[in-house]
Chemist: 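Before we start, here is the structure in question, set down as structure tokens.
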Protein chains: 2
Amino acid sequence: MALAHAILAVLTNRACSGYDLAKQFDGSVGFFWNASHQQIYRELTKLEDRRLVDLEVICQVGRPDKKLYSITDAGEALMREWIVQPSPLPPVKDELLIKLFVGQLVPKSEIQALLQQQRAQHEEILATYRTIEREYFGNPEALSLEARYQYLTLRNGIHFETGWLAWCDEASDSLS
Amino acid sequence: MALAHAILAVLTNRACSGYDLAKQFDGSVGFFWNASHQQIYRELTKLEDRRLVDLEVICQVGRPDKKLYSITDAGEALMREWIVQPSPLPPVKDELLIKLFVGQLVPKSEIQALLQQQRAQHEEILATYRTIEREYFGNPEALSLEARYQYLTLRNGIHFETGWLAWCDEASDSLS
DNA sequence: TCACGCATGTAATCCGTTACATGATTCC
DNA sequence: GGAATCATGTAACGGATTACATGCGTGA
């Protein structure tokens, strides 16, 4: 059900088309919730049926019409109720750890290579996060409340990726 | 597809019934891959069709028969091939972060409560991990290769949960 | 006697992924 | 001329979740 909430969360900040949403789910929000454009389009029609979003069709010259969705009062009320419910921890699903669990099946060097490959990916994401931190949240004291909440989600990603790098190094050391 | 690999990983260590597997996916392996008993039973029949597991029916008195599955040579070969492929980063899906992203919709105290509730859950899991670390991996230098790999997956969980606690505290402070 | 553990499954529904499909405009 | 961007969708398939279903044994 959380895809609906993720979409409503984006629409809380500003009205969007399905296409705009898909792009957001490929950056910012996508850092903690991902969804393909097909999922988004399907979910938007459901949200419209439930009157949680409003739709305004914008005719454009030379490009396809745009369906601009905005959150309704009912949608915002639903979000308020949902936010205050306690959240269970999200289930972990990490195939690298399955591989490590039976790492003895292959030569150690293969596992070392996997760890390095994984480390590089985490490093890349961390670099992206750091760039965003510098560019948009340079002075955390001066942020609006909205921006501060968004900054906290970014900080979560930074903690997460930093932890991964530390673990990759520890694991790599302990195998050599 | 990784559920099949997760099951084969467990069976690499020892032969199990569907029921045994379900229990493992509720502890050890479940720390990084979760699956319900329905998924497991369905997947086991598929794995048998593909000759990746063997089945031995064990008749028991006074309890239901047990179907004991073990990995075949083909299954082990498949795992070896799979392990060395590079792994993409698993997609993140965390509804707490969606909530924080639009935290301004509710009073700050509600968000503080969410953070505390989340923190408590992460602390509990970390405590579980620490107990396992003490009981099974007290002397990391002396571990067999199998055990060392399993220990690394546990260390990953410890890094992960420690990071979460740090972030919860940082977030909580920054809001007060 | 009632709940829990052992042990297995089916059915319905929903969610996610992949592939296919269209069509104009802008930039290289 | 060809690729990328804007903008929307359908169809098929497979994976995951939830609910339903059975039945014996053991211990409180």
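Chain naming here is simple, since letters A, B, ... match the order of the sequence lines and numbering starts at 1 in each.
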Chemist: Is a side-chain N or O of B:Q112 found less than 3.5 angstrom from the main chain of B:S172, in a donor-acceptor match?
Modeler: yes
Chemist: Return the value, rounded to whole Å, for the distance between atom CD of A:E56 and atom C1' of D:dA7.
Modeler: 16 Å
Chemist: Does any N or O in the side chain of A:E76 come within less than 3.5 Å of the main-chain N or O of A:D73, such that one atom is a donor and the other an acceptor?
Modeler: no
Chemist: Please answer whether the main-chain N or O of B:L152 pairs with a side-chain N or O of A:W167 as donor and acceptor at a distance below 3.5 Å.
Modeler: yes
Chemist: For the side chain of B:T72 and the backbone of B:R51, is there at least one donor-acceptor N/O pair under 3.5 Å apart?
Modeler: yes
Chemist: For DNA chain D, determine which residues of residues 10-27 of chain B have any heavy atom closer than 4.0 angstrom to one of its atoms, and list them numerically.
Modeler: none
Chemist: So among B:R134, B:R155, B:E124, B:E161, which one has a side-chain contact (heavy atoms from CB on, under 4.5 Å) with B:Y129?
Modeler: B:E161
Chemist: Report yes or no: does B:S17 contribute a side-chain atom to a donor-acceptor pair with the main-chain N or O of B:L68 at less than 3.5 Å?
Modeler: no
Chemist: Under 3.5 Å, is there a donor-acceptor pair between the side chain of B:E43 and the main chain of B:I40?
Modeler: no
Chemist: Taking the side chain as everything from C-beta on, heavy atoms only, tell me whether A:L78 gets closer than 4.5 Å to A:H5.
Modeler: yes
Chemist: Quick one: does B:W82's side chain get under 4.5 Å of A:I98's, heavy atoms only?
Modeler: yes
Chemist: Take the protein atom CG of A:D49 and the nucleotide atom P of C:dC14, then report the distance between them rounded to whole Å.
Modeler: 13 Å
Chemist: Establish, with yes or no, whether the OP1 or OP2 oxygen of C:dG9 is under 4.0 angstrom from a side-chain nitrogen or oxygen of B:Y41.
Modeler: no
Chemist: Please round to 10 degrees the angle between the axis of the first five pairs and the axis of the last five pairs in the helix from C:dT1-D:dA28 to C:dC28-D:dG1.
Modeler: 40°
Chemist: Starting at the 5' end of nucleotides 15-22 of chain D, put B wherever the base has a protein heavy atom under 4.0 Å, S where only the sugar-phosphate does, and a dash everywhere else.
Modeler: SBBBB---
Chemist: Rounding to a whole Å, what distance do you find between A:I40:CD1 and D:dA7:P?
Modeler: 14 Å
Chemist: Could you tell me whether a side-chain N or O of B:K66 sits under 3.5 Å from a main-chain N or O of B:Y19, the two making a donor and an acceptor?
Modeler: no
